[in-house]
Amino acid sequence: MVPLEKLKKIQAFAHLPEKIVARLAGSMTEELYSKDETIFSEGQEGDAIYFIVQGNVLIRKTLDEKKNTYKVIALMGPGEFFGEMALLENRPRSAATLAQSDVLIYKLDRSEFNELLDGDQEGALKLFRGLVTALSARLRETTREMVAVFEVGRTLVQELDVHTLATRILGLIRNVFNDDVFGAFYYWNEFIAEYELVGTEGCWPEHLRRNRPKDDLLFRTMAIKMECIISQDWTADARFSEKARSDWQGCRSLLAAPIFGMKGPVGFMVFG
């Protein structure tokens, strides 16, 4: 059983009658996960839906198991939910979830939901309505992202100089965000042996308008892990040293992505 008052603060339950929320509270279990701990693995049996009460959860998909490469699908925070397909399908998990920080979640087993469905179909329908509303919002965001990916692809095949190309790509990606986002594009320049700042979008901080060294801590981390970096609270992200965070001061949150060539990273994009 989980605390009723905390459960009522989760968006999916905000418009449910209190008797239904009380029943759900009695059916759910509370789980704690430490930073970097796996909540469930890709391919694992899907038997529950999870609601985030505290902390952040990373959703990632395996690209190449042998090379240990992954794609980050989403970063979720308090009030959001994941694993919802377990309520509809008896199929393995399509992605893995990891705690990006210490996480508190509420877990609703499929068996418990089925009992609710058998005993209170109206209540189960109202719960589904809340979940579908949230899923529709996610779908709208996904559609915007797909349009951006298409436009980026169309831009890449044009014969543009690197500065024009960088500026156009930054603009297309920046438009996907709903927040006041700024971005920069860094491209490896072998003549000066640095990552050259070749394009910016938005109010990119003045003190960051410079080239970056080959051993930049943020870039080196992405090159080694071969994956993007997502940080909702960059100033306090314990995954990175104070030196790494201070090198990128001015970003409240941060998204950084490597651009790989045949022999390794040839550039990076950073959004704040």
**Request:** Apply the test side chain to side chain contact (heavy atoms under 4.5 Å, CB included) to residues Ile39 and Tyr50: give CA-CA distance (whole Å), side-chain angles for both, the deciding distance (0.1 Å), then the verdict.
**Result:** CA-CA 10 Å; Ile39 299 171; Tyr50 298 84; 4.2 Å; yes

**Request:** Walk me through it: do Glu45 and Arg110 pass the test side chain to side chain contact (heavy atoms under 4.5 Å, CB included)?
**Result:** CA-CA 11 Å; Glu45 180 187 357; Arg110 182 172 59 230; 4.1 Å; yes

**Message:** Using side chain to side chain contact (heavy atoms under 4.5 Å, CB included), reason through Val198 and His163 one step at a time and then give a plain yes or no.
**Reply:** CA-CA 5 Å; Val198 294; His163 292 271; 3.7 Å; yes

**Message:** Determine whether Tyr33 and Leu98 satisfy the following criterion, side chain to side chain contact (heavy atoms under 4.5 Å, CB included), listing intermediate values before the conclusion.
**Reply:** CA-CA 9 Å; Tyr33 292 88; Leu98 298 90; over 6 Å; no

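The OH atom of Tyr106 sits 13.0 Å away from the CD1 atom of Ile52 when rounded to the nearest 0.5 Å. For the atom pair OG1 of Thr29 and CG of Asp109, the computed distance is 6.0 Å after rounding to the nearest 0.5 Å. With rounding to the nearest 0.5 angstrom, the CZ atom of Phe240 is 12.0 Å from the CH2 atom of Trp248. Separating the CD atom in Glu42 from the CD1 atom in Ile59 is a distance of 11.5 Å, to the nearest 0.5 Å. Interatomic distance, Ile259 CD1 to Phe185 CZ, rounded to the nearest 0.5 Å: 3.5 Å. Annotation: the span from Phe51 atom CZ to Ile105 atom CD1 amounts to 10.5 Å, rounded to 0.5 Å.
Partners of Leu75 according to the side chain to side chain contact (heavy atoms under 4.5 Å, CB included) rule, which considers only residues two or more places apart in sequence or in another chain, are Asn56, Leu58, Gln100, Ile230, Gln232. Partners of Pro258 according to the side chain to side chain contact (heavy atoms under 4.5 Å, CB included) rule, which considers only residues two or more places apart in sequence or in another chain, are Met222, Cys228, Phe260, Phe268. The side chain to side chain contact (heavy atoms under 4.5 Å, CB included) check on Asp36 picks up nothing, with sequence neighbours excluded.
With hydrogens and angles ignored, the 3.5 Å screen pairs no side-chain donor or acceptor of Arg60 with any backbone N or O of Ala96. A donor-acceptor pair under 3.5 Å is formed between the side chain of Asp102 and the backbone N or O of Lys35. Put simply, the side chain of Glu201 never gets that close to the backbone of Arg174: no donor and acceptor are under 3.5 Å apart. In this structure, Ser241 contributes its side chain and Ala244 its backbone to a donor-acceptor pair below 3.5 Å. Under a 3.5 Å cut-off, the side chain of Asn211 and the backbone N or O of Leu197 do form a donor-acceptor pair.
Of all heavy-atom pairs spanning Leu217 and Lys243, the tightest one is CD1-CG, 3.7 Å. Considering all non-hydrogen atoms of both residues, Pro3 and Glu30 come closest at CD-OE1, 4.1 Å. The two residues Ser41 and Thr38 have their closest heavy-atom pair at OG-CG2, 3.7 Å. Between Thr167 and Gly199 the shortest heavy-atom distance is OG1-CA, 4.2 Å.
Leu208 and Tyr187 fall into different hydrophobic clusters, defined by Ile, Leu, Val, Met, Phe, Trp and Tyr side-chain heavy atoms under 4.5 Å apart, directly or through other members.
Checked for salt-bridge contact, Arg209 and Glu206 meet the test: a charged N lies under 4.0 Å from a carboxylate O.
Side chains of Met269 and Ile169 form a contact here, defined as non-hydrogen atoms less than 4.5 Å apart. Residues Gln249 and Pro205 fail the side-chain proximity criterion, which asks for heavy atoms closer than 4.5 Å.
Test Ser231, Ser101, Ser253 against Asp237 for side-chain hydrogen bond (donor to acceptor under 3.5 Å, both in side chains) and you get one pass: Ser231.
Relative ring orientation between Phe177 and Phe271 is described as tilted, the plane-to-plane angle lying within the 30° to 60° band.
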